[in-house]
Every structure is written in structure tokens, then in C-alpha cells.
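One structure below.
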Number of protein chains: 2
Amino acid sequence: MEKEQVGTIRFQIDFSQPLYEQVLDQVRSSIAKGEIGLGEKMPSVRELAQDLKMNPNTVMRAYQELERDGLTEKRRGQGTYVTSSPERVHIFRRDLAAQYINAFVAQMESLGLTEDDVQEYIHQRFIAGKGEHEK
Amino acid sequence: MEKEQVGTIRFQIDFSQPLYEQVLDQVRSSIAKGEIGLGEKMPSVRELAQDLKMNPNTVMRAYQELERDGLTEKRRGQGTYVTSSPERVHIFRRDLAAQYINAFVAQMESLGLTEDDVQEYIHQRFIAGKGEHEK
DNA sequence: ATAGGTGTATTATATCACTTAATACACTTA
DNA sequence: TAAGTGTATTAAGTGATATAATACACCTAT
């Protein structure tokens, strides 16, 4: 697993998934968790591409999706900035969470599991995940 | 969405995901929910391929994965049968559920959500899903 | 004005996963 | 023997992903 720190953002890139998708997910996560501050300047397309050893077009694809998410804003000739609106981040988090949950519940139902089963599993899983940091 | 009934199994095939994966998931679900009985005979590779309008090789790929799951057994020259072992089905359901949950919890944590957030969301989602049948 | 940094667009090329098609073989049952 | 099983092989086509090489319009600092 490639581990790279670019500005405020930590990246772990591998080849299990499309590169643009990994960049997208990890920047989304950094913004959602507040690891990158609101209004902060993002690395330029070329800079990030060079640091992550990938093509500028690939990074571009992730950046365009971030703007569609409402998480970033482009300023012509200047660069890309994290949105200054806490609401935008909140809305994004809520929407994506809903999307993840729908998919997850569908998976659970396809296995014939009930809500109680799921709640219990989730609880166990969160307990198990305690204290696991930077493994 | 293509809707096909083949023997005891209902299929809904589209082009959003790999075909072999959709076949795999839907047969897994049918077995996990007990919609196909233990020991029951599966449609032959060629028959299912014809009914679902896809290539036998594609169906084969799904069938081989099903056997690796421990959900089916092949009898040379005869056909493919659902396993007669309830334990196998149980183990499969538990393992796959754990896998789904790990991925899901990772997604939730990447959005900075806590266990309480998740439990509440799940609860709401299950309530919302009540009464939605055969839409 | 110029140089260098922004995001963006285009064209070409390469690779890989997925899918289909056409056969062929060994096995089992009627 | 004939028909139906799973399986294997080879060839071909398609689309998503990624890279490479350029080019352009915009902004800012020198």
C-alpha cells in the first residue's frame, strides 16, 4: 500500500480499485472528518498527480467529482479550495451515508437478516474496532 | 430490468454490474433465504444461460463461485445441487454478513459517523423499508 | 509584458475485466 | 447410443481505466 502525505491529506493508494475513485474517497473522507479545514487550499492537480505518481487526468477526474459533490470550489487560474460552507459538508455526509446505508441494508436483507441481527452485529463490530489505530 | 423466473429462482438482471456477479448474488440470496430448498437441483448451466440470455461461460463463472462458497455441489454428468447441509448455509451467511459489515462500518467511519449515528440511521431505514414489497 | 502556476480539453495508445462465440471432451443417465 | 451434465480452450469484441503528450485560457507575481 502506497502511503503518501500531500499537504493536510494522507493517501493510501493500491491497485484494488480505480485510482480516481481512491483519491475521491480519501479526499471526501478528509473533508467529512474535518481533517482538511473549510476554505483550505487543495493541492493542485499537477502537484497531487506527481506526488501520487499518477496522471493529471486521473486526478482531474476525482477533482471534478468533488466539485459535483459540493465539497470543493474552483477559482480560475488560482486553484481548488475546500468549500467554506459547513452546510454543504453536512448535506454531503448525510446524503452519502443514506446511500451507503441503503446498499448495506439491501445486502443484509438479501441474506435474510433482521434489523435486530444487524444492530447486534454493528454493535459487536464497533466494539471490536475500538483501539485499533494506525495498524 | 429483465425479470426472469427459472425454476425456483427469480432473477432481475440489468447492466449496472457484471452479469456473473448478479447471477451469483441472486442465487446466494435465494439459498440464504431458503427460497431454494436444501438439496434441490439447480438449473443446468446451459439452461440458465439460455433463459437469462447470456453465455454459458458467464453462468459457469457464477456456478464455480457458488461451489467455492460451499453452497452448491456438482455431480459429474448429473448437474448442480444446493448443499444439503444447513451448517454450510449458516456459515456462509455469517461470513458474508461479517464481510459486508466490515466494509460498511469502514464507510461510516470514513464519514466520521459514530456508532449511535449508525444505529439510528439503520433503525430509520428499516422502518422506512416496511411495507415496500414487489414495487 | 512576461513567466509560471492554475484548471481544462483533446487525441492517441495501452491494458484489463467482462462477455460472447464456437468447439470439444469426459461423465452420467435413459 | 443419444442426450444432457460440468468443464476447458481459443478467439474476438467492448468498455472502463489509465497514461502520455499537447494545447489553451485564466490568474498572479515579478
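By convention in this document, chain letters (A, B, ...) are assigned in the order of the sequence lines, proteins followed by strands, and residues within each chain are numbered from 1.
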To the nearest Å, give me how far apart [atom1] ([X]) and [atom2] ([N]) are.
X     : N      : atom1 : atom2 : value
A:L24 : D:dA16 : CG    : P     : 18 Å
B:E73 : D:dT7  : CD    : P     : 13 Å
B:L19 : D:dG13 : CG    : P     : 20 Å
B:E47 : D:dT5  : CD    : P     : 7 Å
B:R76 : D:dA3  : CZ    : P     : 23 Å
A:E21 : D:dA18 : CD    : C1'   : 14 Å
A:M60 : D:dT17 : CE    : C1'   : 16 Å
B:Q50 : D:dG6  : CD    : P     : 14 Å

Using only side-chain N and O atoms of [X], determine if any of them is under 4.0 Å from OP1 or OP2 of [N].
X     : N      : result
B:T80 : D:dT5  : no
B:Y20 : C:dC18 : yes
A:K74 : C:dT8  : yes
B:Q64 : D:dA8  : yes
B:S44 : D:dT5  : yes
A:R46 : C:dT6  : no

Applying the salt bridge (Lys or Arg N to Asp or Glu O under 4.0 Å) criterion to B:E67, which one of B:K74, B:R88, B:R61, B:R28 satisfies it? B:K74
Indicate yes or no for a side-chain donor-acceptor contact from [X] to the backbone of [Y] under 3.5 Å, with no hydrogens or angles considered.
X      : Y      : result
A:E115 : B:I122 : no
B:Q26  : B:Q12  : yes
B:Q99  : B:L96  : no

Among [options], the one nearest [X] by side-chain distance:
X     : options                : value
A:Y63 : C:dT19, C:dG7, D:dT9   : C:dG7
B:M54 : C:dT20, D:dA18, D:dA23 : C:dT20
B:Q78 : D:dA21, C:dT29, C:dT20 : C:dT29
A:N57 : C:dT19, D:dA18, D:dT19 : D:dT19
B:V45 : C:dT19, D:dT7, C:dG7   : D:dT7

For A:S16 and A:D14, which I'm curious about, is there any donor-acceptor pair between the side chains at under 3.5 Å? yes
Can you tell me if B:T80 and B:E73 form a side-chain donor-acceptor pair at under 3.5 Å? no
Measure distances between side-chain N and O atoms of B:N55 and base N and O atoms of C:dA21, and say whether any donor-acceptor pair falls under 3.5 Å. yes
For DNA chain D, whose closest nucleotide is more 5', that of A:G77 or that of A:Q22? A:Q22
Checking all strands, does B:R75 fall into the base, sugar-phosphate, or nothing category for heavy-atom contacts under 4.0 angstrom? nothing
